[in-house]
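Handing you a structure now.
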Amino acid sequence: METLATIAQLRTWRNARLGSVGFVPTMGALHEGHASLVRRSATENVDTVVSIFVNPTQFGPTEDLDKYPRTLQADLDLCRAAGASAVFTPDKLMMYPPGFATWVTVDRLTNKLCGKSRPDHFRGVTTVVTKLFNLVQPARAYFGQKDAQQALVLTRMAQELDMPLQVITCPIVREHDGLAMSSRNRYLSDADRQRAVALTQALQAIQAAFHGGQRDVVSLRQTGLAVLAPRVDRVDYLEILSAHDLAEIGRVESRALCAVAAFVGTTRLIDNVILEG
Ligand code: PAF
């Protein structure tokens with residue numbers, strides 16, 4: 001496995017590739033969820049590139065950019081073990097030279113859910129991912145369903161901007177008690193870690209009600225909030241929207257995304273399930 005620290009090194013490496021390249025963009029602090037994406041890419045492509053870049057433009061001014069976990073050596077070990085051919089580790093100046101002024105935005109899909117409380121977040125994600133796609137030129141790019149809105153936004157972006165690649169969304173990987181794996185889980189104290197599973201349990205309660213025949217979105221939300229609200233410090237959102245375009249719905253008649261974001265201590269966690277008949 002090669003470590004490519006500059007854009008020039010990445011371009012040289014890329015120009016020498018003859019077969020398909022799979023791509024797993026990350027911000028590091030890798031866990032089993034990322035490993036599952038790398039493994040899938042390694043089975044579907046000749047080469048797999050992982051990028052590790054804590055992208056400053058997707059963090060709000062009061063968010064956790066400075067304290068975002070940085071664990072490069074462990075990340076490289078995980079990438080190697082999962083079958084990556086190369087890891088790209090650019091720095092901020094390379095990705096955003098002074099005077100940087102070009103942005104990629106996706107309308108509408110980005111105004112909902114996380115976009116409401118993190119206004120410029122998706123503009124940062126779509127811009128950095130476009131830059132990374134241009135640099136890596138992958139045939140396929142792999143993202144986790146845990147960031148369901150991000151996966152929808154990036155799928156739409158790639159389609160509408162005619163990017164010559166396939167965006168592949170892979171299943172959420174969970175801890176033994178159901179908590180969705182996340183780089184931010186390592187912020188949680190032991191007590192907060194126990195409370196964090198309330199996000200998953202709220203989604204499970206909604207799923208159980210749905211499978212029991214409940215289709216009304218107001219009732220389903222109430223079921224979830226009754227589990228979630230007493231155990232977390234703040235619910236950012238718990239919403240049930242069309243899984244296709246995040247449109248509001250009154251009843252779950254076709255595929256719906258049930259998504260939650262909540263603060264446990266000062267850590268903001270997200271999770272989701274798909275509801276379908
Ligand atoms: O999901 C992430 O880790 C980030 O949002 C991504 C896609 C790597 C862009 O910085």
Side-chain angles (χ1 to χ4, degrees), residues 4 7 10 22-38 40-41 48-60 63-72 74-76 78-79 82 84 86-92 94-96 100 102-106 109-110 113-115 117-136 138 140-158 161 163 165-173 180-187 259 261 267-272:
L4 311 166
I7 288 177
L10 174 66
F23 180 37
V24 181
T26 81
M27 298 206 300
L30 304 182
H31 49 69
E32 185 50 32
H34 297 108
S36 73
L37 306 182
V38 178
R40 170 135 179 217
S41 174
T48 291
V49 182
V50 178
S51 64
I52 298 180
F53 177 61
V54 183
N55 174 35
T57 63
Q58 69 188 76
F59 288 79
E63 291 180 355
D64 55 348
L65 173 61
D66 290 336
K67 74 169 181 121
Y68 197 83
R70 284 148 172 98
T71 57
L72 184 60
D75 292 349
L76 295 177
L78 179 145
C79 290
V87 177
F88 177 46
T89 58
D91 69 18
K92 190 173 139 191
M94 267 171 232
M95 295 301 282
Y96 297 107
F100 185 90
T102 305
W103 299 99
V104 178
T105 57
V106 173
L109 282 179
T110 54
L113 302 176
C114 292
S117 52
R118 307 185 72 193
D120 286 331
H121 170 72
F122 285 111
R123 182 184 81 152
V125 172
T126 44
T127 300
V128 81
V129 170
T130 299
K131 284 172 68 70
L132 291 166
F133 282 176
N134 287 338
L135 291 166
V136 175
R140 300 177 192 86
Y142 299 82
F143 298 90
Q145 170 66 15
K146 185 181 76 74
D147 296 293
Q149 187 177 14
Q150 170 174 280
L152 270 179
V153 167
L154 293 174
T155 303
R156 181 75 73 88
M157 176 187 86
L161 294 183
M163 294 177 170
L165 58 94
Q166 203 185 342
V167 172
I168 297 173
T169 307
C170 303
I172 298 177
V173 178
M181 288 202 183
S182 163
S183 304
R184 290 188 166 95
N185 290 353
R186 64 189 80 196
Y187 296 151
T267 305
R268 184 176 179 279
L269 299 173
I270 60 173
D271 198 352
N272 67 85

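Keep in mind the model is a prediction, meaning the values are calculated, not measured. All ligand and atom numbering here is 1-based and tracks the order in the structure.
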Parallel, tilted or perpendicular: which describes the rings of Phe53 and Tyr96, with under 30° parallel and over 60° perpendicular?
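Ring orientation of Phe53 relative to Tyr96: tilted.
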
Could you identify the single nearest non-hydrogen protein atom to atom 9 (C) of ligand 1 and state the distance to 0.1 Å?
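For this ligand atom, the closest protein heavy atom is Gln58 OE1, 3.3 Å.
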
Is Arg186 reaching over with its side chain to a backbone N or O of Ala29, donor-acceptor style, under 3.5 angstrom?
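Looks like yes, one N/O pair under 3.5 Å.
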
Consider every N or O of Asn55 and every N or O of ligand 1, then say whether any pair is closer than 3.5 Å.
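Looking only at distances, the answer is no, because the N/O contact criterion of under 3.5 Å is not met.
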
Those atoms of ligand 1 less than 4.0 Å from some heavy atom in Pro25:
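The atoms of ligand 1 under 4.0 Å from a heavy atom of Pro25 are 8 (C).
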
Would you please name every residue forming a ring pair (Phe, Tyr, Trp, His ring centres under 6.0 Å) with Phe59, sequence neighbours left out?
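Tyr68.
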
Does Gln150, backbone or side chain, put an N or O under 3.5 Å from an N or O of ligand 1?
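Yes, at least one N or O pair falls under 3.5 Å.
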
May I ask you to decide if Ile270's main-chain N or O and Asp147's side chain share a donor-acceptor pair within less than 3.5 Å?
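Pair absent, no side-chain N/O of Asp147 close to backbone of Ile270.
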
Taking 4.0 Å as the limit for heavy-atom contacts, which would you say applies to Thr26 with ligand 1: side chain only, backbone only, both, or neither?
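Answer for Thr26: backbone.
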
Between Gln149 (side chain) and Cys114 (backbone), is there a donor-acceptor pair under 3.5 Å?
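Looks like yes, one N/O pair under 3.5 Å.
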
Run the numbers for me: atoms of ligand 1, each under 4.0 Å from some heavy atom of Val128, listed by number.
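That gives atoms 9 (C), 10 (O) of ligand 1.
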
